[in-house]
Amino acid sequence: DIVEHQTARKVVRKSMIRAAGCLALPLTILYFGAYVSAARLHEDITNVFFLESTMRFRADAMFLDVTTTEELWDVLTSQAPKQFLDIFFSQTDAYGNAQQRNVTQDVWGDWGVVESFNQIQGAVRFQQTRKTTDDYNMPYNCSTAITCQLCRENEGFQTIDRFTARQPVNPWCGPWGLPAGSTGRRLNGGGGVDGGSNDTQAEEEEEARRLRLVRPELRTSFPAAMGQAVNDSFRFWLFPGETQAQTRERLNYFRDRKWIDQDTYSVEVRMYLMNAELGRNRLEQLTMLFRFSEAGSVYYERELQTIFLQFHQSMMSMGADFAFFMLLLATSCYRVWHMWKAFLASNLFRHLMNLGTAWEWIMIMIGWWNIYGFYQMLVWEGQVIDALEPVHRRGWEITQNAEDIEKVDALFQIGEKASKGLASLRIVFAQYSVVLMFRFFVSFGTQPRLAIVLRTMQNVLTDFYHFLIVFMPTFMAYVISGSLIFGRRIETFATIQSSFGACFRIAMESEYDWADMSAEFFWAAALWSWSFLMLVVLLFLNMVLAIILDIYNETRESSFPGEAIWETMAHFLYRTASYRTWVSDKTMEANLAKESDRGMVTRQDLETEYPNMPESQKRLFFEACRTEMKWEAAKDLSKKNLLKLTGSIMDALDVAHKAVDRVVTDEAEDPLATWIQP
């Protein structure tokens, strides 16, 4: 066995790089596993799904069949099964037996229980935003203590700021009329100052509004109360401690006074449900939002956010958090150490500008941001518990008085802040899991066969960028064209965002609803869809595949084949089994660098220099050297080089042939001319 000295050094250096990458792979797997375990255990995804899917199903079953605002009020005030009062304010069990309001003085009863295990905390809030913040009074003949208290205080018809400030309103209730000189707008069903034509107009607008499930891309298209703060909205409360009949009376009061009218932008119904049975104690925020379009439609959406009241689920969760923190700390210290070495070598800027180093620092910084997120979760948990405690202590005794409302409102404010923060953190958790995927690429890039795939991804970027320059204007032209043709009647094309998503889905799936698209402007729809399929789906997408396959073939031909992944694993098994006598690559590289003047390296040289080197290491070393030498020889004899060499030889032969022909011709005419003339 004999190899060139330079080839031996190259093989040893490649082995060092491969060993470093492969040894980093277990740490990468541990880091990834610790993080995803910590995030998933904190989120408790499976149990959250069980809880939220039930609430989502109940809410959708109530509201998706509603077509007008009057039907919306019917759902809210109906005592029929599976309607709003039956689900959220039920006071009988599944067999019709009355449930207890309180079991003891310290334990809540079964009122306000939703789906057997979830209990409403404090109150249910109805809140709306309107075109203006002006009070909108309306005559009302009250007949009970609840309705008289509501109409005297004018709750729900004043902004939160004015209501909490207790600004004076009419001190008496009964045949309550508008104050003299009031410019209050007359609403459908009541006496006022406006003409009767407005009654008819309001009634027509109310009946024309239809309830639909809103798509996320349409949210920005709804009217908004510009310049209005949260306290400029209008709200009222429902209390689970009251009987179902009293709750229904409250809702009918606001229905009769037309709390929802043509000036309403949105209505939000929010409540907090405690669940202490499904794993950790948790507070579920349930929000049902109704958006009122000025076109006459009503759109519905629901949102659920889980707020855990216990930080760790188990010792496993604590262990995952600790493991992630320690691995992140170790990675940070390792990178700081390398940065310090680069600084001492006056090479800090180049070190930081290295793409791999920069990407590693980005992942480290996001990791510490996640640590801060875990800490913030703990802070929010404590704030929610502090706000929930006085509400929970009052139990069903919470009523309309200002002190109780202040406690409940504090819970809603803290709960809303915590739920928004937790929703953002969940996005960070999900995206960081994807970002960590790129750490695997660093380890995979040191294995020759896996490196071919990664180099293909790198090499394809240049052509892909140029492809996008041509593709994006074409695609956006179809997005805008589709929105113009179909957007008036098809919701998925109603906005540019939704049209972009619809076109992307057609491009990926090659499926679309032809019946809906061709219902109007048949030939325009046909031209749009057929040209889109031919140009975008068949031509452009297949061009992407052709680019990737072409570059993969080029990369594979120009890349060192190296060992397969199972050969690399066998190599490390040999190394592990003989770790006592295995000579490190660093030692071999140092010795080969000292003997740079040596032309060849033989087996006898290795045995003399490293008498205890295992036979398996010698065999693997010389096999790698022979493979490297074959690759270097084959690289010089590649097809491209052979074609270039052949072309060069043919050009030279052609020149020589022309010279010989000229000599032969000249000699035939004048034999001495070729020796005299140049």
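Every value quoted in this text rests on a predicted model; they were computed, and no experiment measured them. For reference, positions follow the sequence shown, starting with 1.
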Please report whether the ring centroid of [Y] lies less than 6.0 Å from that of [X].
X      : Y      : result
Tyr300 : Phe63  : yes
Tyr432 : Tyr35  : yes
Phe467 : Phe540 : yes

Indicate whether the side chain of [X] and that of [Y] have a donor and an acceptor atom separated by less than 3.5 Å.
X      : Y      : result
Glu52  : Thr306 : yes
Ser266 : Thr129 : yes
Gln305 : Arg426 : yes

Check: Is a side-chain N or O of Asn542 found less than 3.5 angstrom from the main chain of Leu538, in a donor-acceptor match?
Finding: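 Yes, the answer is positive, given that a donor and an acceptor are paired below the 3.5 Å cut-off.
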
Next item on the list: Keeping the roles fixed (side chain from Ser433, backbone from Phe429), state whether a donor-acceptor pair exists under 3.5 Å.
Entry: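 A pair under 3.5 Å: yes.
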
Check: Does NZ or CZ of Arg282 lie under 6.0 Å from the centre of the six-membered ring of Phe308, at an angle within 45° of the ring axis?
Finding: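 Not flagged: Arg282 not positioned over aromatic ring of Phe308.
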
Notebook entry, point to check: Can a cation-pi geometry be assigned to Arg439 and Tyr31, taking NZ or CZ under 6.0 Å from the six-membered ring centre and within 45° of the ring axis?
Noted result: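 Yes, Arg439 lies over the aromatic ring of Tyr31.
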
Checklist line | Worked verdict on Trp514 versus Phe522 for ring-ring contact (aromatic ring centres under 6.0 Å, His included) | finding: CA-CA 10 Å; Trp514 170 246; Phe522 178 86; 5.5 Å; yes

Check: For residues 519-540, which residue pairs qualify under side-chain hydrogen bond (donor to acceptor under 3.5 Å, both in side chains), counting only residues two or more places apart or in two chains?
Finding: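 Checked against side-chain hydrogen bond (donor to acceptor under 3.5 Å, both in side chains) - neighbours excluded - the pairs reaching residues 519-540 are Tyr478-Ser531, Arg488-Glu520.
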
Within a 6.0 Å radius of atom [atom1] on [X], are there more than 12 heavy atoms belonging to other residues, nucleotides or ligands?
X      : atom1 : answer
Phe464 : CZ    : no
Met437 : CE    : yes
Met472 : CE    : yes
Met543 : CE    : yes

Notebook entry, point to check: Roughly how far, to the nearest 0.5 Å, is CG of Asp44 from CD of Gln313?
Noted result: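 It is 4.5 Å, given to the nearest 0.5 Å.
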
